[in-house]
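All chains are named by letter (A, B, ...) in the order of the sequence lines, taking the proteins before the strands, and each is independently numbered beginning at 1. Both backbone and side-chain heavy atoms feed into the values below; hydrogens, waters and symmetry mates do not.
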Amino acid sequence: MYDNQCTKSMENKSLSQSYLNELNDIQRKAVVTIKGPVLVVAGPGSGKTRVLTYRIANIIESGVAPWEILSLTFTNKAAKEMKERIAKVVGDRAHKVWAGTFHSVFAKILRVEAQHIGYSPNFTIYDTDDSKSVLTKIISGMNLNKDKYKANIIKNRISSAKSNIISPVGYRQQKSLLEQDSIAGRPKTVDVYEKYMAKCKASDAMDFDDLLYQLFYLFYKFPEIAKKYQAKFKYILVDEFQDTNHLQYSIMRKLVNYGDSERNICVVGDDAQSIYGFRGATIDNILDFEKDFKPHGIQTFKLEQNYRSTEHIVQAANEVISYNSKQIQKKIWSHKGSGNKINILKVASDNEEGSRIVHQILEQKNRDHLSNSDIAILYRTNGQSRIFEEYLRRYNVPYRIFGGLSFYQRKEVKDALAYLRIAINPNDEEALLRSMNYPKRGIGDTTLTKIRSHATENSVTLRAALKTVDLPARVKAQVRRFEKLLTLHEELAQKQDAYESSHTIIKNSGIIELLKKDTTPEGQARIDNLGSLLDGIKDFVENDEFSELTENSDDRSLTNYLQNIALVSEQDKSDESSDVVTLMSVHAAKGLEFPSVFVVGLEENLFPSFMALESQNIDEERRLFYVAITRAEKLLTLSFANSRYQYGNLRHNSPSRFLEEIDANHYDNPSVIKKQYGGTGTLDKSDEPRRAALTGISKSKRSLPKVEVDMANFKPSPSDSLEEGMKVLHLKFGKGKILSIEGGKGNRIASIQFESLGDEKKRIMLKFAKLQILND
DNA sequence: GAAGTGATGTTTTTT
DNA sequence: ACATCACTTC
């Protein structure tokens with residue numbers, strides 16, 4: 001991986017010396033400083049994982065029991081990889097370390113403690129689809145306008161409330177939140193939130209956010225339980241710290257920052273690689289961490305040496321990221337020689353982009369002797385993969401696309417899982433409703449309504465109502481039959497192992513019979529998927545597929561199986577053995593590296609995405625671009641197209657601004673990005689009105705005049721000090737005047753007229769804007 | 001309850 | 001372009 005550092009696996013002896021020798025000075029300090037709070041700022045390719053794993057190994061070597069170490073990561077894959085690497089140093093003990101994702105580790109704790117807060121140990125974990133489905137039902141049950149109250153939006157509101165530790169009660173007390181909802185035409189959001197929480201609890205179910213939120217609540221409500229875990233985890237490590245949200249940080253802090261704690265906490269992250277802001281991650285956590293642990297002697301280590309890429313790439317990355325104002329100062333550097341210049345590829349259309357890049361891939365395989373697996377195509381949106389797929393197939397280049405629907409989200413799989421879930425947790429309404437009339441068994445809406453009201457009137461669960469509700473003879477027979485089936489399944493799940501029981505349950509469900517009627521290839525594929533599901537369960541029973549994450553790895557019950565799959569995704573099991581070209585979104589590529597990387601679709605409105613342009617929040621896009629180019633070890637190709645189909649329309653976008661932020665001397669053909677392309681984000685077809693309304697991007701965007709602002713003296717004023725009429729200075733647009741401000745506190749949007757932009761007024765969200773008030 | 005129609009909404013994603 | 005979905009109609 002890092003080829004100028006020796007990676008030869010070593011014997012299990014005399015480790016202490018050998019692994020420390022593989023580290024540079026700063027890395028070594030970060031590894032041996034095991035007491036007290038430590039912040040490691042780790043640039044891309046700086047050996048972050050190596051530091052984390054050796055650090056854990058070192059802690060174990062110092063005599064700490066592995067189970068007293070808690071190591072939190074973002075993906076199961078990262079956790080697994082880490083354990084394997086620790087095991088190479090300290091042997092099997094490594095597997096006793098509590099290493100996992102925030103969600104899986106917290107779920108594990110909650111299984112033990114949830115009874116204190118009114119959940120059973122077998123609580124179900126609702127995935128995003130389940131949550132949305134619950135919300136949709138609540139919203140329609142409350143007779144709210146479905147168009148205003150979109151499940152997705154409400155879900156995000158609730159999720160962000162939970163991520164900021166705001167309960168429904170707390171939500172009601174926050175004027176700004178209520179105001180935002182009101183302005184958006186969703187004043188009852190908080191009521192939906194409250195009902196949603198109640199419904200989840202009644203269903204003995206937690207959504208992903210609950211796994212964090214409820215744990216926080218548990219620790220808060222029962223200090224003695226918190227104490228237990230504070231005492232248990234003597235050393236805590238957090239990876240990808242820049243991607244944690246406030247709630248995650250709060251729990252982590254709770255575990256380590258108390259009274260006489262040694263505060264053995266190490267967080268590793270890179271503010272420049274924070275790309276999950278859109279789902280609540282906040283760099284403030286890094287600042288808070290520094291503040292919170294300053295009194296306890298925090299030590300900071302910056303890993304700036306890059307072992308991954310050659311110099312043109314590293315320097316280009318530095319240049320790009322320097323356009324972001326808010327960042328921890330650091331410059332990555334490399335000793336790998338200047339290497340190749342960045343290849344820039346200008347093409348006429350998205351189609352040509354596909355063709356040219358595949359040709360380049362063939363060329364690289366020939367000329368540079370690269371294998372398929374050395375090569376990755378990275379794009380901003382998953383939708384861009386199609387054209388590359390077509391050309392790769394045409395030229396017989398094996399490839400694999402990552403991303404998209406996960407196996408467990410496929411309809412037929414979810415349908416089958418519903419039958420399994422309801423057998424384990426009879427309160428799981430989502431699963432019950434999903435399976436009740438699929439396959440069709442004559443329990444339609446009318447009947448369902450009757451069952452519902454029967455349940456409400458008698459204060460029993462839906463499941464119980466099936467037994468007692470009175471219905472017309474024919475339907476009644478159907479309902480009772482279904483009820484008997486569920487009872488049978490419950491018994492099976494108790495008596496048999498996961499495979500035996502699920503095999504029968506899925507067969508009984510009738511789903512396969514139903515799918516067999518669909519003779520299309522898709523129908524066949526669905527049946528195959530159910531087969532794979534069963535294969536997976538068999539695997540679980542026969543092998544130790546999930547033993548890492550499970551409390552009791554001998555437990556082969558259906559219960560245990562379901563609890564595990566809720567938190568794993570397919571990628572976790574991905575085999576890296578096959579020699580294929582990788583296609584994935586830039587987000588998905590974080591943490592990976594390839595000898596040759598193609599970053600495609602570098603156009604305004606695409607990368608940076610129009611969403612980001614609209615909200616004036618392109619710093620995160622820039623970090624994303626930074627992540628993208630730093631994936632490359634030796635060869636980096638950046639491409640942009642003059643025109644491409646987007647949402648069914650042919651669009652002309654100008655080259656991405658990010659391309660100009662890289663100094664020309666790093667490009668092999670710098671003239672390509674200079675000027676031309678009158679393209680201004682216009683459309684060929686004349687449905688401008690809808691588009692313009694959607695994107696908020698008018699025709700004359702682009703070609704912003706360069707404004708000279710004295711960086712040294714620029715001090716942005718606090719956003720709430722800005723008022724109408726003020727003269728302000730903006731880093732990009734220069735001097736301007738605030739014409740008006742609309743929107744509530746925390747969400748204010750100003751219309752500003754900048755001298756540099758003539759008559760065009762800019763709407764800027766003050767929350768993000770960096771504006772300095774001018775006094776003259 | 002199936003089949004057809006029209007409107008709608010389309011970044012990024014783990015858990 | 002395309003998929004999803006609520007809603008209509010038979």
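Between A:Asn382 and B:dT10 there is no side-chain polar atom (N or O) within less than 4.0 angstrom of OP1 or OP2. Contact annotation: A:Lys590 does not reach the phosphate of B:dT12 (side-chain N/O to OP1 or OP2, under 4.0 Å). Between A:Ser585 and B:dT13 there is a side-chain polar atom (N or O) within less than 4.0 angstrom of OP1 or OP2. Residue A:Asn76 places at least one side-chain N or O under 4.0 Å from the OP1 or OP2 atom of B:dT15.
Nucleotide C:dA1 holds its P atom 12 Å from the CG atom of A:Asp350, rounded to whole Å. Atom pair A:Asn152:CG and C:dA6:P shows a separation of 13 Å (rounding to whole Å applied). Distance CZ (A:Arg279) to P (B:dT11): 16 Å, rounded to an integer number of Å. Atom-to-atom, CG of A:Leu606 to C1' of B:dT11 comes out at 9 Å; the value is rounded to the nearest Å. Rounded to an integer number of Å, the gap from CD1 of A:Ile618 to P of B:dT12 is 19 Å. We find that OH of A:Tyr126 is positioned 17 Å from C1' of B:dT15, with the value rounded to whole Å. A straight line from CG of A:Asn156 to P of B:dT12 spans 14 Å, rounded to a whole angstrom. Rounded to a whole Å, the OH atom of A:Tyr149 is 22 Å from the P atom of C:dC5.
Both A:Phe102 and A:Glu620 sit near DNA chain B, but only A:Glu620 has its closest nucleotide nearer the 5' end. Taking the nucleotide of DNA chain B with the nearest heavy atom to each of A:Thr128 and A:His587, the more 5' of the two is matched to A:His587.
With B:dT12, B:dT11, B:dT14 as the candidates, the nucleotide lying closest to the side chain of A:Thr75 is B:dT14. Closest approach to the A:Lys150 side chain among B:dG9, B:dT10, B:dT12 is made by B:dG9 (side chain taken as heavy atoms from C-beta onward). Distance from the side chain of A:Thr101 is smallest for B:dT15 among the nucleotides B:dT11, B:dT12, B:dT15. Taking every side-chain heavy atom of A:Tyr276 into account, B:dT13 is the closest of B:dT13, B:dT15, B:dT11. Checked against B:dT11, B:dT15, B:dT13, the side chain of A:Glu621 finds its nearest nucleotide in B:dT11.
Take A:Arg421 and apply the salt bridge (charged side-chain N to carboxylate O under 4.0 Å, His left out) test, not counting sequence neighbours, and it matches A:Asp130, A:Asp428. Annotation: salt bridge (charged side-chain N to carboxylate O under 4.0 Å, His left out) contacts of A:Lys476 (sequence neighbours excluded): A:Asp470. Under the rule for a side-chain hydrogen bond (donor to acceptor under 3.5 Å, both in side chains), the partners of A:Arg434 that lie at least two apart in sequence or sit in another chain are A:Asp415. For A:Ser133, the side-chain hydrogen bond (donor to acceptor under 3.5 Å, both in side chains) test picks out A:Lys137, A:Glu430, with sequence neighbours left out.
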I'd like a table of atom pairs between the protein and nucleotides 1-4 of chain B - only N or O on both sides, under 3.5 Å - with the distance next to each one.
{"unit_1": "B:dA2", "atom_1": "OP2", "unit_2": "A:Lys440", "atom_2": "NZ", "d": "3.1"}

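For A:Phe278 and B:dT12, the ring-to-base geometry satisfies the stacking test (centroid distance below 5.5 Å, interplanar angle below 30°).
Aromatic ring centres of A:His587 and A:Phe278: separated by under 6.0 Å. Aromatic pair A:Phe74/A:Phe102: ring centres closer than 6.0 Å.
A donor and an acceptor atom never sit less than 3.5 Å apart when one is taken from the side chain of A:Thr381 and the other from the base of B:dT11.
For residues 243-252 of chain A, every residue pair satisfying the salt bridge (Lys or Arg N to Asp or Glu O under 4.0 Å) rule, not counting sequence neighbours, is listed here: A:Asp243-A:Lys590.
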Take A:Tyr249 and A:Asp284 through the side chain to side chain donor-acceptor pair (under 3.5 Å) test and state the conclusion after the steps.
CA-CA 10 Å; A:Tyr249 177 59; A:Asp284 289 346; over 6 Å; no

